[in-house]
Amino acid sequence: MAVTETPLITVSDYLAMSFDDGDREYVDGQIQENNVGELDHSAVQGAIQGYFYSRRKTLGLNAVTECRTKVSATRYRLPDVAVVLGARPRGRIIDVPPFLVVEVLSPEDRASRVEERIDDYLRFGVPWIWVIDPITGRGHVYHEGNRTPVTDGMYRTEDPLIEMNFFELLD
């Protein structure tokens with residue numbers, strides 16, 4: 001995920017842009033390329049989306065993939081999956097904190113970039129963040145300032161209780 005060598009652009013210019021090969025994040029006036037998911041990343045991202053879609057009515061939530069999310073006045077992120085409680089978000093972007101953000105790691109992801117993205121979500125008020133390695137199923141759950149490792153493939157939230165078994169996703 002390289003920062004392009006372009007001059008600073010305005011938020012309104014960014015929001016008016018479209019890209020032929022996938023969207024980009026906007027960070028403090030710069031456009032940042034996203035790592036394009038490879039097969040493992042794409043399969044897990046789709047499976048997580050399907051998991052939430054099949055439970056949308058019973059859990060009272062909606063999940064969207066790679067939707068522009070305004071985490072601050074000068075930062076727009078593209079979570080792999082954003083889960084909101086209640087109705088599907090209206091408009092073009094998410095501008096209120098989702099209940100859960102899921103980031104599926106790509107081979108090119110650098111720890112510092114992932115941590116910066118997590119920090120943005122936490123400052124924005126996202127109560128639950130799951131970071132998942134699509135190869136091993138291992139990862140971390142972030143909640144209320146705590147970072148909990150997940151080694152058994154079970155990702156959870158509370159209120160509402162969501163329990164997703166990574167190893168059952170792709171069955």
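Every heavy atom of this structure was used, including side-chain atoms; hydrogens, water molecules and symmetry mates were not. Residues: numbered from 1 along the sequence shown.
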Using 0.5 Å steps for rounding, measure from the [atom1] atom of [X] to the [atom2] atom of [Y].
X: Gln45; Y: Ile132; atom1: CD; atom2: CD1; answer: 10.5 Å
X: Ile135; Y: Glu38; atom1: CD1; atom2: CD; answer: 8.5 Å
X: Leu85; Y: Phe99; atom1: CG; atom2: CZ; answer: 5.5 Å
X: Met164; Y: Tyr51; atom1: CE; atom2: OH; answer: 7.0 Å
X: Ile129; Y: Thr157; atom1: CD1; atom2: OG1; answer: 13.0 Å
X: Thr148; Y: Arg156; atom1: OG1; atom2: CZ; answer: 11.0 Å

Please examine the side chains of [Y] and [X], heavy atoms only from C-beta on, and report whether any two atoms are closer than 4.5 Å.
X: Ile94; Y: Val64; result: yes
X: Ile31; Y: Met17; result: yes
X: Val126; Y: Pro98; result: yes
X: Tyr142; Y: Val101; result: no

(message) Pair Arg75, Glu116 - check salt bridge (Lys or Arg N to Asp or Glu O under 4.0 Å), show working.
(response) CA-CA 11 Å; Arg75 290 182 177 231; Glu116 181 181 14; 2.9 Å; yes
Does any N or O in the side chain of [X] come within less than 3.5 Å of the main-chain N or O of [Y], such that one atom is a donor and the other an acceptor?
X: Asp80; Y: Val104; value: yes
X: Tyr14; Y: Arg24; value: yes
X: Gln32; Y: Glu25; value: no
X: Asn62; Y: Gly86; value: yes
X: Ser106; Y: Asp109; value: no
X: Gln49; Y: Ala63; value: yes
X: His143; Y: Pro127; value: yes
X: Tyr121; Y: Leu100; value: no

Is it true that [X] and [Y] fall in one hydrophobic cluster, defined by side-chain heavy atoms closer than 4.5 Å?
X: Val150; Y: Trp128; value: yes
X: Val71; Y: Ile118; value: yes
X: Phe19; Y: Tyr26; value: yes
X: Ile48; Y: Leu78; value: no
X: Leu39; Y: Phe166; value: no

(message) Please check if the number of heavy atoms outside Arg138 that lie under 6.0 Å from its CZ is greater than 12.
(response)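 No.
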(message) Check this for me: Asp159, atom CG, are more than 12 non-hydrogen atoms of other residues, nucleotides or ligands nearer than 6.0 Å?
(response)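 Count not over threshold, so no.
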(request) Check the pair Arg77 / Phe124 against side chain to side chain contact (heavy atoms under 4.5 Å, CB included), numbers first and verdict last. (result) CA-CA 11 Å; Arg77 295 296 186 177; Phe124 182 45; over 6 Å; no
Taking every non-hydrogen atom, the tightest pair across [X] and [Y]:
X: Cys67; Y: Thr69; answer: O-OG1, 2.9 Å
X: Met154; Y: Asp152; answer: N-OD1, 3.0 Å
X: Ala47; Y: Leu170; answer: CB-CD2, 3.5 Å
X: His140; Y: Pro149; answer: CD2-CA, 3.5 Å

(message) Leu105 vs Val131, test: side chain to side chain contact (heavy atoms under 4.5 Å, CB included). Steps then yes/no.
(response) CA-CA 7 Å; Leu105 297 176; Val131 178; 3.7 Å; yes
(message) Go through it in stages, so that I can follow the logic: the residues are Arg117 and Asp120, the test is salt bridge (Lys or Arg N to Asp or Glu O under 4.0 Å), and I'd like the CA-CA distance, side-chain angles, deciding distance and then a yes or no.
(response) CA-CA 5 Å; Arg117 197 175 301 122; Asp120 281 348; over 6 Å; no
(message) Is a donor from one side chain sitting under 3.5 angstrom from an acceptor on the other, for Tyr76 and Arg68?
(response)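 Not at all, the side chains of Tyr76 and Arg68 share no donor-acceptor pair under 3.5 Å.
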(message) Please verify the inter-ring angle class for Tyr155 with Trp130; under 30° counts as parallel, over 60° as perpendicular, anything in between as tilted.
(response)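 Correct class here is tilted.
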(request) Kindly indicate whether a cation-pi arrangement holds for Arg56 with Tyr53, taking the cut-offs as under 6.0 Å to the six-membered ring centre and within 45° of the axis. (result)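 The answer is yes, since Arg56 meets both limits relative to Tyr53.
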